[in-house]
Visitor: 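Have a look at this one before I ask anything.
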Amino acid sequence: MSVKKAVIPAAGLGTRFLPVTKSVPKELLPILDRPMLQYVVEEAAEGGVEEVIIVTAPGKEGIASYFQPSTELERRLSESGAQDLLDKVLQASRLAKVSFVIQEQALGLGHAVLTAREAVGDEPFVVILPDDIVHHTPGVVAQMAAVFDAVGQGVVAVEPTPWETVHNYGVVDVAPAACPNSGPPGHPEPVNGLGLHQVRGLVEKPPRDEAPSNLSIVGRYILPPEIFDCLERTRPGARGEIQLTDGMLLLLESAELYAYEFQGVRYDGGTPLGLLRASLEYALRRDDTRAAALELLRGIDTA
Ligand code: G1P
């Protein structure tokens with residue numbers, strides 16, 4: 001795989017989860033027993049990523065400590081023979097090399113990605129937004145890495161969204177990819193089946209009647225390092241923030257970009273009810289929790 005580094009922006013205030021986010025970073029809120037952040041690091045590692053760069057903010061030190069060794073805990077679990085728990089505790093740090101950069105000011109997603117410039121260097125990388133949780137095997141990063149390897153250009157994940165909600169997202173304007181159902185030119189095999197579009201434009205949080213399509217951006221992007229120069233030139237846009245979507249629009253002036261309709265179920269882990277839905281559905285999928293989760297759901301009094 002040619003994408004070895006991931007940038008995970010985790011510097012936001014988590015206002016939709018207040019008051020819990022006063023002291024717990026949103027990215028550490030759990031789906032069952034693991035933080036959302038771990039799900040996306042697992043997805044990255046499965047997709048071939050070896051190094052994860054997490055962008056955090058002052059006050060969110062809990063994120064770094066989650067990936068650091070917990071010597072006393074590990075010693076006690078080891079001495080008491082609790083190997084399964086020890087494996088769980090060690091799992092996060094074994095997935096990939098994890099490093100951190102600090103975004104001192106909340107100037108927007110594009111600015112957060114720019115903060116990771118030095119750590120990424122001069123190579124393509126994947127951006128993963130940790131509150132977009134997607135269930136599928138293979139994961140979205142692996143799917144997109146295959147697309148990137150085939151087209152050699154930036155790829156952004158999209159999904160069709162109800163028109164009433166497009167104003168919450170970045171939206172792409174697309175044309176059919178050169179050979180939509182047979183992969184890009186020179187690649188006769190389908191790229192993950194279908195769902196590949198050529199991006200002609202992008203707009204962040206458009207009003208419904210200005211949206212060029214209902215294909216909304218989901219938080220997975222494979223980008224060339226040229227995006228950093230574009231982000232340097234990007235002026236504040238929607239919500240007065242430096243938007244990654246606007247940076248990609250500048251990138252389009254000199255590079256191609258593909259939109260990829262991924263396979264999988266997306267959960268909005270950025271809201272309490274989205275996280276609840278993810279927790280319920282993951283509990284129903286997991287062998288060790290399925291029966292108890294079903295029983296729990298059947299017993300709920302909805303009156
Ligand atoms: C961000 C991006 C947006 C994208 C969305 C996906 O928005 O700016 O383009 O559609 O993530 O979750 P946010 O959720 O930070 O408002």
Visitor: Give the cluster check for Val98 versus Val40: same hydrophobic cluster or not, with ILVMFWY residues linked at side-chain heavy-atom distances below 4.5 Å.
Guide: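 Val98 and Val40: one cluster.
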Visitor: Is it the case that over 12 heavy atoms from other parts of the model lie below 6.0 angstrom from the CG atom of Leu13?
Guide: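 Counting neighbours around CG of Leu13, 12 or fewer heavy atoms of other residues, nucleotides or ligands fall under 6.0 Å, so no.
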Visitor: Would you kindly confirm whether Leu114 and Ile102 end up in one hydrophobic cluster when ILVMFWY residues are joined by side chain heavy atoms under 4.5 Å apart?
Guide: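 Result: no, two separate clusters.
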Visitor: For residues Glu256 and Gln198, determine if any side-chain heavy atom of one lies less than 4.5 Å from a side-chain heavy atom of the other.
Guide: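 The answer is yes; the side chains approach within 4.5 Å.
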Visitor: Check whether Arg290 reaches the backbone of Leu284 with its side chain - one donor and one acceptor, N or O, closer than 3.5 Å.
Guide: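 Yes, the answer is positive, given that a donor and an acceptor are paired below the 3.5 Å cut-off.
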Visitor: Would one find more than 12 heavy atoms of other residues, nucleotides or ligands at under 6.0 Å from atom CG of Asp122?
Guide: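 Not more than 12 within 6.0 Å, no.
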Visitor: Using side-chain contact (heavy atoms from CB on, under 4.5 Å), reason through Val171 and Leu202 one step at a time and then give a plain yes or no.
Guide: CA-CA 6 Å; Val171 175; Leu202 311 94; over 6 Å; no
Visitor: How many angstroms lie between CG in Leu215 and NE2 in His197, if you round to the nearest 0.5 Å?
Guide: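 Spacing of CG (Leu215) from NE2 (His197) equals 5.0 Å.
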Visitor: Do any side-chain atoms of residues 52-67 form donor-acceptor pairs under 3.5 angstrom with protein atoms, and if so which ones, sequence neighbours left out?
Guide:
| unit_1 | atom_1 | unit_2 | atom_2 | d |
| --- | --- | --- | --- | --- |
| Lys60 | NZ | Ala10 | O | 3.0 |
| Lys60 | NZ | Gly12 | O | 2.8 |
| Lys60 | NZ | Glu27 | OE1 | 2.9 |
| Lys60 | NZ | Glu27 | OE2 | 3.3 |
| Glu61 | OE1 | Gly59 | N | 3.4 |
| Glu61 | OE2 | Gly59 | N | 3.0 |
| Ser65 | OG | Gly62 | O | 3.1 |
| Tyr66 | OH | Gln38 | OE1 | 2.3 |

Visitor: Out of curiosity, Lys205 NZ to Ser216 OG, how far, rounded to the nearest 0.5 Å?
Guide: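 So the gap between those two atoms works out to 10.5 Å.
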Visitor: Mark yes or no for whether Lys5, through its side chain, and Val120, through its backbone, hold a donor-acceptor pair below 3.5 Å.
Guide: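 Judged by distance alone, yes, a pair lies under 3.5 Å.
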Visitor: Can a donor-acceptor pair be found between the side chains of Asp87 and Gln83 at a distance below 3.5 Å?
Guide: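 Yes, a side-chain donor-acceptor pair sits under 3.5 Å.
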Visitor: Determine whether a donor-acceptor pair (N or O, by modelled atom type, separation under 3.5 Å) exists between the side chain of Thr165 and the backbone of Thr161.
Guide: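 Between the backbone of Thr161 and the side chain of Thr165 there is no qualifying donor-acceptor contact (under 3.5 Å).
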Visitor: Looking only at non-hydrogen atoms, find the nearest pair between Ser279 and Leu32 and report the distance.
Guide: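 Residues Ser279 and Leu32, closest heavy atoms: O-CD2, 4.0 Å.
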Visitor: Measure across Gly121 and Pro225 and return the closest heavy-atom pair with its distance rounded to 0.1 Å.
Guide: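 Here Gly121 and Pro225 meet closest at O-CB, 3.9 Å.
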Visitor: Verify side-chain contact (heavy atoms from CB on, under 4.5 Å) between Glu42 and Leu95, making sure each step is shown before the conclusion.
Guide: CA-CA 7 Å; Glu42 282 170 15; Leu95 290 166; 3.5 Å; yes
Visitor: Would you confirm whether Thr21, through its side chain, and Val24, through its main-chain N or O, come within 3.5 Å as a donor-acceptor pair?
Guide: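 No, Thr21 side chain to Val24 backbone: no donor-acceptor pair under 3.5 Å.
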Visitor: When you measure from the side chain of Thr245 to the backbone of Glu204, do you find a donor-acceptor pair of N or O atoms at a distance under 3.5 Å?
Guide: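 Looks like no, no N/O pair under 3.5 Å.
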Visitor: Taking Arg117 as the fixed residue, which of Glu226, Glu123, Glu232 is the one that meets the salt bridge (Lys or Arg N to Asp or Glu O under 4.0 Å) rule?
Guide: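 When salt bridge (Lys or Arg N to Asp or Glu O under 4.0 Å) is applied between Arg117 and each of Glu226, Glu123, Glu232, only Glu232 qualifies.
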Visitor: Any chance CG of Leu273 has more than 12 other-residue heavy atoms, nucleotides or ligands included, within less than 6.0 Å?
Guide: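 No, not enclosed.
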Visitor: Return yes when atom CZ of Arg233 has more than 12 non-hydrogen atoms of other residues, nucleotides or ligands closer than 6.0 Å, and no otherwise.
Guide: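 Enclosed.
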Visitor: Is any side-chain heavy atom of Ile217 closer than 4.5 Å to a side-chain heavy atom of Val172?
Guide: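 Result yes, sub-4.5 Å side-chain heavy-atom pair found.
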Visitor: Is the side chain of Gln143 donor-acceptor paired with the backbone N or O of Gln263 at a distance under 3.5 Å, no angle test?
Guide: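 Judged by distance alone, yes, a pair lies under 3.5 Å.
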Visitor: Does a side-chain heavy-atom distance below 4.5 Å link Lys88 with Asp33?
Guide: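 Yes. Closest side-chain heavy atoms under 4.5 Å.
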Visitor: Centres of the Tyr39 and Tyr282 rings: under 6.0 Å?
Guide: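 That pair passes the under 6.0 Å test.
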Visitor: Taking the side chain as everything from C-beta on, heavy atoms only, tell me whether Pro35 gets closer than 4.5 Å to Leu29.
Guide: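 Counting from C-beta outward, Pro35 and Leu29 never come under 4.5 Å.
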Visitor: If only atom types and distance count, is the side chain of Asp173 paired as donor or acceptor with the main-chain N or O of Gly201 below 3.5 Å?
Guide: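 Judged by distance alone, no pair lies under 3.5 Å.
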Visitor: Would you indicate whether Arg286, at its atom CZ, is surrounded by more than 12 heavy atoms from other residues, nucleotides or ligands within a distance under 6.0 Å?
Guide: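 Enclosed.
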Visitor: Please report the closest heavy-atom contact between Leu257 and Val155, naming both atoms and the distance.
Guide: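 Heavy-atom minimum between the residues: CD1-N, 4.2 Å.
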Visitor: Find out whether the Lys NZ or Arg CZ of Arg220 is both under 6.0 angstrom from the six-membered ring centre of Phe262 and within 45° of the ring's axis.
Guide: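 Ring-cation test returns no.
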Visitor: Between His136 and Val265, is any pair of side-chain heavy atoms under 4.5 Å apart?
Guide: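 In short, these two side chains do not touch, never coming nearer than 4.5 Å.
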Visitor: Do Val158 and Leu244 sit in the same hydrophobic cluster, where Ile, Leu, Val, Met, Phe, Trp and Tyr count as joined when their side-chain heavy atoms come under 4.5 Å apart?
Guide: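 Per the 4.5 Å side-chain linkage, Val158 and Leu244 are co-clustered.
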Visitor: Starting at OH of Tyr169, measure out to CG of Asn214 and round the result to the nearest 0.5 Å.
Guide: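 Between atom OH of Tyr169 and atom CG of Asn214 there are 11.5 Å.
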Visitor: Nearest 0.5 Å, what's the CG-CE distance between Leu129 and Met36?
Guide: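 The CE atom of Met36 is 12.0 Å from CG of Leu129, to the nearest 0.5 Å.
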Visitor: Is it the case that over 12 heavy atoms from other parts of the model lie below 6.0 angstrom from the CD atom of Gln68?
Guide: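 Enclosed: over 12 neighbouring heavy atoms sit under 6.0 Å from CD of Gln68.
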Visitor: Report the C-alpha distance between Leu223 and Phe125 in whole Å, list the side-chain angles of each, state the deciding distance to 0.1 Å, and finish with yes or no for side-chain contact (heavy atoms from CB on, under 4.5 Å).
Guide: CA-CA 6 Å; Leu223 296 167; Phe125 61 104; 4.2 Å; yes
Visitor: What pair of heavy atoms forms the shortest contact from Leu109 to Pro9, and how long is it?
Guide: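 Looks like CD1-CG, 3.7 Å.
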Visitor: According to a 4.5 Å side-chain heavy-atom criterion applied to Ile, Leu, Val, Met, Phe, Trp and Tyr, with indirect links allowed, do Val199 and Leu250 form part of one hydrophobic cluster?
Guide: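 Different clusters: Val199 never reaches Leu250 through Ile, Leu, Val, Met, Phe, Trp or Tyr contacts under 4.5 Å.
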Visitor: Below 4.5 Å, heavy atoms only, C-beta onward: do Leu86 and Leu90 meet side chain to side chain?
Guide: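 Yes, at least one pair of side-chain atoms sits under 4.5 Å.
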Visitor: Would you say the side chains of Asp149 and Ser2 form a donor-acceptor pair under 3.5 Å?
Guide: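 There is such a pair (donor and acceptor under 3.5 Å, judged by atom type) between the side chains of Asp149 and Ser2.
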Visitor: Between Glu210 and Pro206, is there a donor-acceptor pair closer than 3.5 Å when you use the side chain of the first and the backbone of the second?
Guide: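 Not confirmed, Glu210 side chain does not pair with Pro206 backbone.
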Visitor: Would you confirm whether Glu241, through its side chain, and Pro236, through its main-chain N or O, come within 3.5 Å as a donor-acceptor pair?
Guide: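 A pair under 3.5 Å: no.
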Visitor: When you measure from the side chain of Gln103 to the backbone of Gln105, do you find a donor-acceptor pair of N or O atoms at a distance under 3.5 Å?
Guide: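 At least one qualifying donor-acceptor pair exists.
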Visitor: Looking at OG of Ser213 and CH2 of Trp163, how far apart are the two atoms once the value is rounded to the nearest 0.5 Å?
Guide: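 So the gap between those two atoms works out to 6.0 Å.
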Visitor: For Glu51 and Lys97, what are the C-alpha separation, side-chain angles and deciding distance, and is it a side-chain contact (heavy atoms from CB on, under 4.5 Å)?
Guide: CA-CA 5 Å; Glu51 188 177 341; Lys97 175 173 179 258; 3.6 Å; yes
Visitor: What about Ile222 and Tyr258, same hydrophobic cluster or not, with Ile/Leu/Val/Met/Phe/Trp/Tyr joined at side-chain heavy-atom distances under 4.5 Å?
Guide: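 Yes, it is one cluster - the side chains of Ile222 and Tyr258 are joined through contacts under 4.5 Å.
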Visitor: Just wondering, do Ile8 and Val41 contact through their side chains at under 4.5 Å, heavy atoms?
Guide: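 SC-SC contact between Val41 and Ile8 confirmed.
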Visitor: Does Arg75 come within less than 4.0 Å of Glu72, counting only side-chain N to carboxylate O?
Guide: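 Looking at Arg75 and Glu72, the cut-off is met.
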Visitor: Heavy-atom distance under 4.5 Å between the side chains of Asp131 and Lys26, does that happen here?
Guide: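 They are in contact (side-chain heavy atoms under 4.5 Å apart), so the answer is yes.
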Visitor: Locate the shortest heavy-atom distance separating Ala44 from Ile128; write the atom from each residue and the value.
Guide: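 Of all heavy-atom pairs spanning Ala44 and Ile128, the closest is CB-CD1, 3.7 Å.
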Visitor: In Å and rounded to the nearest 0.5 Å, what is the CG to SG distance from Asp246 to Cys230?
Guide: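 Interatomic distance, Asp246 CG to Cys230 SG, rounded to 0.5 Å: 11.5 Å.
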